[in-house]
Amino acid sequence: MDVQKIGNFLAELRKDKNLTQEELGERIGVTNKTVSRWENGNYLPPVEILQILSKLYEVSINEVLSGERLNDSVYKQNAEEYITVDLMKKSKEAKKRLTISFVVAFITILSGLSIILLSGMLSAPIWLRICCIVLSLIIVVLGIGVCCALTVDAGVYECPNCGEKFVPSMKDFLSGMHTFTKRKLRCPKCGKRYYCKKKLK
C-alpha cells in the first residue's frame, strides 16, 4: 500500500470537488492540518473517515486505498489482495493471542501450585494456610478467565458434521469439554453437539 500515492489521489479528488483543505476539514469534522497530513502521505485516514471520503468523492474505498480509479478486473484483483492481507493479519493476531493465553495459563498454574506448596511447607497457623490455598485458587480462576477471554474468538470452530464455521458464546465455550485442539460445542447450523476443531481465521 503506497501511502504517498493514496495521499496524491485524495488531493486530486478534493480538487475535483473544488474544495480547499479547510472546507473539506469543516465538512468531515477534522482540521485542515489533518487533511494536509493525509494528502502528504504522512498517514492514512481512519476507516470511518475513509467511508465518508469515498461517499463524498464518489469512489470506492478500494480505489482510495489503491490510489487510483480502477476498472473492473483491477478492482477485483485489488479487493482479493486486501482480503488476503486482512485474513493474514487476523491469523497472525489469533496466533499471538493463543500464544499469550498459553503463557498466561503456564504462569497461572505455576503460581497456584507454588502458593499451595509454600503453604504446606510453612509452619504457619491453619488459617494462614487456608488463606494461601484460597489465594492460589483465586489466581487459577482469574488466569483461566483471562485465557478463555483471549482464546474464545481467536479463530473459529468447525463443525465436523456440516462444516459450519462459528465463534461460540462464552457460556458454550466455558461449559464445553475439550482437548487441546477440539471443544465439544453445539453447532448453530445443525444444532448438534460435536467435538469441533479450532481453526485460525
Side-chain angles (χ1 to χ4, degrees), residues 1-2 6 44-55 59-66 70-117 133-201:
M1 195 178 297
D2 188 338
I6 294 168
L44 282 174
V47 176
E48 318 82 61
I49 299 292
L50 283 174
Q51 290 172 329
I52 293 167
L53 291 173
S54 73
K55 284 179 186 172
V59 293
S60 68
I61 292 176
N62 194 349
E63 288 175 306
V64 173
L65 294 176
S66 300
L70 304 171
N71 62 36
D72 284 347
S73 63
V74 177
Y75 184 90
K76 286 177 184 176
Q77 181 184 346
N78 281 12
E80 286 189 16
E81 285 176 16
Y82 291 133
I83 289 167
T84 304
V85 168
D86 188 52
L87 288 172
M88 287 172 60
K89 186 179 174 185
K90 284 182 180 176
S91 178
K92 282 181 185 176
E93 185 183 317
K95 284 178 185 175
K96 185 178 176 183
R97 288 172 72 180
L98 288 172
T99 303
I100 292 169
S101 78
F102 284 128
V103 170
V104 168
F106 177 75
I107 291 170
T108 298
I109 291 167
L110 192 64
S111 302
L113 288 175
S114 298
I115 293 171
I116 289 171
L117 289 172
I133 291 169
V134 169
L135 177 65
S136 69
L137 289 174
I138 290 169
I139 289 170
V140 168
V141 168
L142 287 174
I144 290 170
V146 170
C147 289
C148 289
L150 284 169
T151 59
V152 69
D153 60 353
V156 293
Y157 286 88
E158 184 176 32
C159 175
N161 182 49
C162 66
E164 176 75 2
K165 291 180 182 164
F166 63 97
V167 175
S169 68
M170 184 60 85
K171 182 183 174 186
D172 286 345
F173 183 81
L174 291 174
S175 62
M177 293 175 57
H178 61 92
T179 64
F180 284 109
T181 58
K182 295 181 181 178
R183 191 172 285 267
K184 195 166 190 179
L185 299 165
R186 185 180 302 282
C187 173
K189 187 175 180 183
C190 65
K192 296 183 179 176
R193 283 191 173 273
Y194 293 100
Y195 277 97
C196 301
K197 192 170 184 179
K198 177 97 169 173
K199 295 197 168 212
L200 297 178
K201 290 179 184 173

S.K.: Roughly how far apart are I107 CD1 and I139 CD1, rounded to 0.5 Å?
M.R.: 12.0 Å
S.K.: S54 and S60: which non-hydrogen atoms are nearest, and at how many Å?
M.R.: CB-C, 4.1 Å
S.K.: Nearest heavy-atom pair of N161 and C190: which atoms, and what distance?
M.R.: ND2-SG, 3.6 Å
S.K.: In a check of side chain to side chain contact (heavy atoms under 4.5 Å, CB included) between S136 and each of V141, L117, I115, which one passes?
M.R.: I115
S.K.: What side-chain donor-acceptor pairs closer than 3.5 Å can you find for residues 164-175, not counting sequence neighbours?
M.R.:
unit_1: S169; atom_1: OG; unit_2: D172; atom_2: N; d: 3.2
unit_1: S175; atom_1: OG; unit_2: K171; atom_2: O; d: 3.0
unit_1: S175; atom_1: OG; unit_2: D172; atom_2: O; d: 3.4

S.K.: Kindly indicate whether the side chain of L53, heavy atoms from C-beta on, has any atom under 4.5 Å from the side chain of P45.
M.R.: yes
S.K.: With a 4.5 Å limit on heavy-atom distance, are the side chains of L65 and L50 in contact?
M.R.: yes
S.K.: Looking at K198, I'd like to know if its NZ atom is crowded, meaning that more than 12 non-hydrogen atoms belonging to other residues, nucleotides or ligands lie closer than 6.0 Å.
M.R.: yes
S.K.: Starting at CD1 of I144, measure out to CD1 of I109 and round the result to the nearest 0.5 Å.
M.R.: 7.5 Å
S.K.: Once you round to the nearest 0.5 Å, how far does OH of Y194 lie from NZ of K182?
M.R.: 13.0 Å
S.K.: To the nearest 0.5 Å, what is the distance between NZ (K184) and CZ (R193)?
M.R.: 7.5 Å
S.K.: Measuring from atom CG of L185 to atom SG of C196, what distance do you get when rounded to the nearest 0.5 angstrom?
M.R.: 5.0 Å
S.K.: Starting at CZ of R186, measure out to NZ of K192 and round the result to the nearest 0.5 Å.
M.R.: 11.0 Å
